[in-house]
Structure formats: C-alpha cells, structure tokens
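First up is the structure itself, then whatever we jot down about it.
Note that ligands are numbered from 1 as they come in the structure, with each ligand's atoms numbered from 1 the same way. The analysis underlying the following values was restricted to heavy atoms, covering all of them including side chains, and did not include hydrogens, waters or symmetry mates.
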Amino acid sequence: MTKAIIFDLDGVIVDTAKFHFLAWKSLADELGYFFDEKVNERLKGVSRMRSLEIILEVNGATEKFTDDEKAEMAARKNDLYVSFVKTLKPGDMLPGVEEFLSRAKAAGLKTAVASVSKNAPLVLKCLGAADKFDYVADAARVTRSKPAPDIFLDCARALGVDPADCIGVEDAQAGIEAIKAAGMYAVGINVDVTSVEPDLQLRSTAELDFDKIVK
Ligand code: B16
Ligand code: MG
C-alpha cells in the first residue's frame, strides 16, 4: 500500500532542466565545445562535477584541465544557473504537481524530495514550496549519487516508511534506476529510456492522476 511519494526535483517539480541546459551551453560555447540536447539528456539526475566530466568526455578533453580548473568551470556554470533559478516564483511548479501534492497530503501520505542538486533548497524556496514536503534530502550528505538507490532510501528512512510502500517520481534514466534499486514503484516523467524501464511512464506531469497512480 502506498504510504509515501518521493519526488525528484529538476524536471519533476519544476522545469529547471532548461536552466541547467542553458548554463552548460554557455560554458561549452565559451570553450568552443560541442553540447546539444542529446548530451544534456545524459546530465539529468547526474551530479554537477560528473556532468562537467561528461561534457569534457564528449569533446575528448578529459585530460586537458586540472582539478582546480574543473572546479572553477563548474562554479562558473553554477553561478549562471543560480541566476536563472532566482527568476522562479511561487506558481512555477510544473502542471499537475501542486494538485497531486495536495491530494497526497489530504490522503495522509508522506512526501519527500530526492534531488542530487545542491541548489534544491534554493529552488524550493523560490517556488515557495519549502514547507510543502515532510523531508528534503541533503544532496551533500548522500555519498553515492543516482543511479545508486541511496538518496531514495534516505528519504524512506527519514519518513519512517518501508521502501516497498513508496512511489518514486523521476524524469531521468539514472533516477529510475535508483528508484527500482531501492525497491520502490517508479513513475517516469517523459524518461528517455535507455536501460531500466519505469513501472509507469507518463508524457508529462500533467498526467499525474492521483486516483490512477496511488493504490
Ligand atoms: P546542482 P535532480 C539534478 O537534479 C539535475 O537533474 C542534474 O542535471 C544536475 O546536474 C544535478 O541535479 C546537480 O545539480 O548543480 O544544482 O547541484 O534531477 O536530481 O533534482
Ligand atoms: Mg530530474
């Protein structure tokens, strides 16, 4: 029986994926490197430094930079990303999310956010949604990133709910793998499936129908 719903943030609660894309694109353009939507798809649910490594790999530039230079590039990308995030305001949640959340609350379900983004608290604050969840995982404290199940298991533990009674909602392949590895039911939001399939794939958050999804 469903007792908790654990949401990814970027691409599920809010469309920050476009901000990540624009910020990485700006860095890639500066460096004269290739970066497109297809490469961006591989960055979803992946940490900031790993995202940079993927962009460098795609451009055969893994060995070109020192760790300090990579840290500086990632910080520059993040500064631009944060400036985009600061334009978010209450009401900017993706379609259907607020209603789904209210239905979950009214039904007595627990809710949590499982995002690998270190900016998750800022994003939730700008959306005025910080107090809408029972628990927000701290990405800095989770050592193994998605596709490891750790962040979803951390949420289940904090909510005091058995993973088998949790539904995880994700837009990234790495996130679906993490949810399934945690032993939870996986709802995918327009996931570009390349390996593990979600239990239920929706085209967008507008299809988050509480009565159909929660049993
Ligand atoms: P930050 P999620 C992830 O968030 C994004 O999908 C991913 O593209 C990003 O690189 C990662 O957060 C790290 O974000 O640079 O803000 O720490 O989908 O797990 O909510
Ligand atoms: Mg996501």
Next item on the list: Do me a favour and list the nearest non-hydrogen protein atom to atom 6 (O) of ligand 1 with residue, atom name and distance?
Entry: Gly45 N, 2.8 Å
Notebook entry, point to check: Looking only at protein heavy atoms, which one is nearest to atom 11 (C) of ligand 1, and how far off is it?
Noted result: Val46 O, 3.2 Å
Next item on the list: Return yes or no for this condition: an N or O of Tyr81 is under 3.5 Å from an N or O of ligand 1.
Entry: no
Check: Any Lys/Arg nitrogen of Lys38 or Asp192 sitting under 4.0 Å from an Asp/Glu carboxylate oxygen of the other?
Finding: yes
Checklist line | atom 15 (O) of ligand 1 - nearest protein heavy atom and its distance | finding: Arg48 NE, 2.7 Å
Check: Nearest to atom 8 (O) of ligand 1, what protein heavy atom do you find, and at what distance?
Finding: Leu43 O, 3.0 Å
Margin query: If we only consider heavy atoms of Gly11, is any one of them less than 4.0 Å away from an atom in ligand 1?
Written below: no
Next item on the list: Measuring from the Mg ion (ligand 2), name the closest N, O or S atom belonging to Asp171.
Entry: OD1
Notebook entry, point to check: Would you call Ser51 a ligand 1 contact, heavy-atom distance under 4.0 Å?
Noted result: yes
Notebook entry, point to check: When you check the side-chain N and O atoms of Asn40 and His20, is any donor under 3.5 Å from an acceptor?
Noted result: no
Margin query: Closer than 4.0 Å to some heavy atom of Asp8 - which atoms of ligand 1 meet that?
Written below: 2 (P), 18 (O), 19 (O), 20 (O)
Item checked: Region of Lys118 that comes within reach of ligand 1 [heavy atoms, distance under 4.0 Å] -> both
Note to self: To check your reading of the model: name the closest protein heavy atom to atom 4 (O) of ligand 1, its residue, and the distance in Å.
What the structure shows: Asp10 OD2, 2.8 Å
Notebook entry, point to check: Counting heavy atoms not belonging to Glu72, are there more than 12 under 6.0 Å from its CD?
Noted result: yes
Item checked: For Asn119, atoms of ligand 1 separated by under 4.0 Å from a heavy atom -> 1 (P), 16 (O)
Note to self: Considering both backbone and side-chain atoms of Asp171, is one of its nitrogen or oxygen atoms within less than 3.5 Å of a nitrogen or oxygen in ligand 1?
What the structure shows: no
Notebook entry, point to check: Can we say Glu170 and Lys146 salt-bridge, meaning some charged N sits less than 4.0 Å from an Asp/Glu carboxylate O?
Noted result: yes
Notebook entry, point to check: Once rounded to 10 degrees, what value does the angle at the Mg ion (ligand 2) take between OD2 (Asp8) and O (Asp10)?
Noted result: 90°
Item checked: Ion pair check, Asp92 and Lys89, cut-off under 4.0 Å -> yes
Notebook entry, point to check: Which of the atoms of ligand 1 are close to Leu9, meaning less than 4.0 Å from one of its heavy atoms?
Noted result: 20 (O)
Check: Does Lys70 NZ have over 12 foreign heavy atoms under 6.0 Å away?
Finding: yes
Margin query: Tell me whether ligand 1 is touched by Lys146 - counting only heavy atoms on the residue side and a distance under 4.0 Å.
Written below: yes
